[in-house]
Amino acid sequence: MDDASKLRLVSGLIRSFEDFPTKGVVFRDISPVLRDPAALTAVIDLFEEHVKKKHKQVDLIVGIDARGFLFGPLLAQRLNVGFAPVRKKGKLPGPTVSVAYSLEYGKAEAEIQADAVTPGQKVLLIDDLLATGGTLYAACELMKQQQAEVLGCLVVIELTDLHGVDKLKGHNVVSLLQY
């Protein structure tokens with residue numbers, strides 16, 4: 001299957017739910033993609049092809065809580081590299097490093113285990129969705145604190161009207177689908 005066919009397969013399974021989780025929001029649901037082995041394989045194939053074309057060396061895939069955990073380990077396995085999770089504050093055991101960030105409706109903190117990333121590692125961040133960019137920006141800041149080199153950010157869906165990519169200036173952002 002070529003790349004265009006893979007994108008059509010994945011796009012055809014994305015569902016839209018009006019007014020979820022709040023009025024005025026259109027929620028893009030990837031659940032059908034996760035249930036379809038061919039579509040899930042297509043997503044990982046597309047990410048893998050991009051990474052192999054653009055990056056000579058990747059040391060670690062960093063997945064963003066929680067849906068980055070679904071795609072990240074699969075991509076890491078394909079690339080034969082490790083995986084590390086960035087979670088909401090208070091969800092990881094042992095020493096952690098955290099960063100506070102703003103959301104449309106308040107503040108939050110993201111954290112990673114202190115020994116998950118070593119200085120100089122070349123990392124790719126992965127998540128399902130780029131909306132306002134706050135969570136991915138926080139993850140990039142965590143990587144900066146850990147002295148890792150962020151090669152880029154990979155997302156399945158980008159909501160372009162929310163301009164989240166603007167918050168990630170200086171970082172290469174790749175989205176498979178844009179709405």
Side-chain angles (χ1 to χ4, degrees), residues 14 17 19-31 34 43 47 50-51 54-55 58-76 81-179:
I14 303 291
F17 289 95
D19 298 323
F20 184 83
T22 59
K23 188 168 178 60
V25 173
V26 178
F27 185 87
R28 305 293 178 175
D29 182 23
I30 63 163
S31 297
L34 299 171
V43 167
F47 283 145
H50 167 78
V51 171
K54 298 292 182 182
H55 304 289
V58 175
D59 299 316
L60 188 68
I61 300 295
V62 176
I64 312 301
D65 195 347
R67 292 193 174 137
F69 301 172
L70 303 173
F71 301 104
L74 296 173
L75 180 59
V81 300
F83 173 81
V86 167
R87 301 228 39 207
K88 294 175 181 83
K89 182 123 177 103
K91 300 291 184 182
L92 291 170
T96 60
V97 177
S98 67
V99 66
Y101 63 101
S102 296
L103 300 166
E104 313 83 278
Y105 50 84
K107 292 191 181 284
E109 278 189 77
E111 67 181 2
I112 192 165
Q113 289 176 314
D115 63 354
V117 181
T118 57
Q121 275 192 307
K122 296 176 184 313
V123 302
L124 283 167
L125 303 176
I126 191 167
D127 205 355
D128 68 321
L129 180 78
L130 172 57
T132 62
T135 308
L136 267 173
Y137 177 79
C140 289
E141 289 298 301
L142 278 174
M143 295 303 102
K144 189 173 167 183
Q145 284 182 24
Q146 296 296 89
Q147 300 172 19
E149 180 184 341
V150 176
L151 299 173
C153 303
L154 307 171
V155 295
V156 179
I157 297 170
E158 178 184 350
L159 302 178
T160 57
D161 60 331
L162 297 177
H163 308 288
V165 74
D166 294 345
K167 189 171 259 181
L168 297 166
K169 282 196 187 318
H171 294 287
N172 179 29
V173 178
V174 172
S175 55
L176 299 181
L177 301 168
Q178 301 79 35
Y179 293 94

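Just so we're clear, the structure is a prediction, and the values are computed from it rather than from any experiment. All values below come from the heavy atoms of this structure, side chains included, with hydrogens, waters and symmetry mates left out.
Looking at His163 and Val165, their side chains never come closer than 4.5 Å, going by heavy atoms from C-beta outward. Using a 4.5 Å heavy-atom cutoff, the side chains of Ile112 and Val117 are in contact. At a threshold of 4.5 Å between non-hydrogen side-chain atoms, the residues Val173 and Leu130 count as touching. Proximity of Lys54 to Leu151: side-chain heavy atoms (C-beta onward) are nowhere separated by under 4.5 Å. For the pair Gln121/Met143, no side-chain contact is recorded, criterion being any heavy-atom separation below 4.5 Å from C-beta on. Looking at heavy atoms from C-beta onward, Glu149 lies out of side-chain contact with Val123 at the 4.5 angstrom threshold.
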CA sep, side-chain torsions, deciding dist, call: Val86, Glu111, side-chain contact (heavy atoms from CB on, under 4.5 Å): CA-CA 6 Å; Val86 167; Glu111 67 181 2; over 6 Å; no
Please test Ile126 against Ile64 for side-chain contact (heavy atoms from CB on, under 4.5 Å), starting from the C-alpha separation and ending with a verdict. CA-CA 6 Å; Ile126 191 167; Ile64 312 301; over 6 Å; no
Check the pair Ile30, Arg67 against side-chain contact (heavy atoms from CB on, under 4.5 Å), reporting the backbone distance first and the verdict last. CA-CA 10 Å; Ile30 63 163; Arg67 292 193 174 137; 3.7 Å; yes
Show, in sequence, the C-alpha distance, side-chain angles and deciding distance for Leu124 and Val58, and conclude whether the side-chain contact (heavy atoms from CB on, under 4.5 Å) test is met. CA-CA 7 Å; Leu124 283 167; Val58 175; 3.8 Å; yes
The test is ring pair (Phe, Tyr, Trp, His ring centres under 6.0 Å); show your working for Phe27 and Phe17 and say whether it passes. CA-CA 5 Å; Phe27 185 87; Phe17 289 95; 7.0 Å; no
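Ser98 and Glu109 share a donor-acceptor pair across their side chains, judged by distance under 3.5 Å alone.
Contact detail for Phe69 and Pro85: the closest heavy-atom pair is CE2-CB, 3.5 Å. Minimum heavy-atom separation, Asp59 to Gly120: OD2-O, 4.3 Å. Minimum interatomic distance between His171 and Cys153 (heavy atoms only, all atoms of both residues): CB-SG, 4.5 Å. Here the closest non-hydrogen pair linking Lys107 and Ser102 is NZ-OG, 3.5 Å. For the residue pair Leu168 and Gly133, the shortest heavy atom distance occurs at CD2-O, 4.3 Å. Listed here is the closest heavy atom pair of Ala76 and Phe83: CB-CB, 4.1 Å.
With Glu158 contributing its side chain and Val155 its backbone, the two residues share no donor-acceptor pair below 3.5 Å. With Asp128 contributing its side chain and Val156 its backbone, the two residues share no donor-acceptor pair below 3.5 Å. At distances below 3.5 Å, at least one donor-acceptor pair connects side-chain atoms of Thr160 with backbone N or O atoms of Tyr179. Put simply, the side chain of Gln113 gets close to the backbone of Pro93: a donor and an acceptor are under 3.5 Å apart.
Under 4.0 Å is where a charged nitrogen must lie from a carboxylate oxygen, and between Asp65 and Arg87 at least one such pair does.
The local environment of OH in Tyr137 is sparse, with at most 12 non-hydrogen atoms from other residues, nucleotides or ligands closer than 6.0 Å.
Atom OG1 of Thr132 and atom CG of Asp166 lie 11.0 Å apart (nearest 0.5 Å). Rounding to the nearest 0.5 Å gives a distance of 11.0 Å between CG of Leu74 and CZ of Phe47. For the atom pair CG (Leu70) and CG (Leu75), the distance works out to 13.0 Å, reported to the nearest 0.5 Å. Rounded to the nearest 0.5 angstrom, Leu177 CG and Ser175 OG are separated by 7.5 Å.
Looking at Ile61, Leu60, Val51 one by one, the single match for side chain to side chain contact (heavy atoms under 4.5 Å, CB included) with Val81 turns out to be Ile61.
Every residue was checked against the side chain to side chain donor-acceptor pair (under 3.5 Å) condition with Asp115, not counting sequence neighbours, and none meets it.
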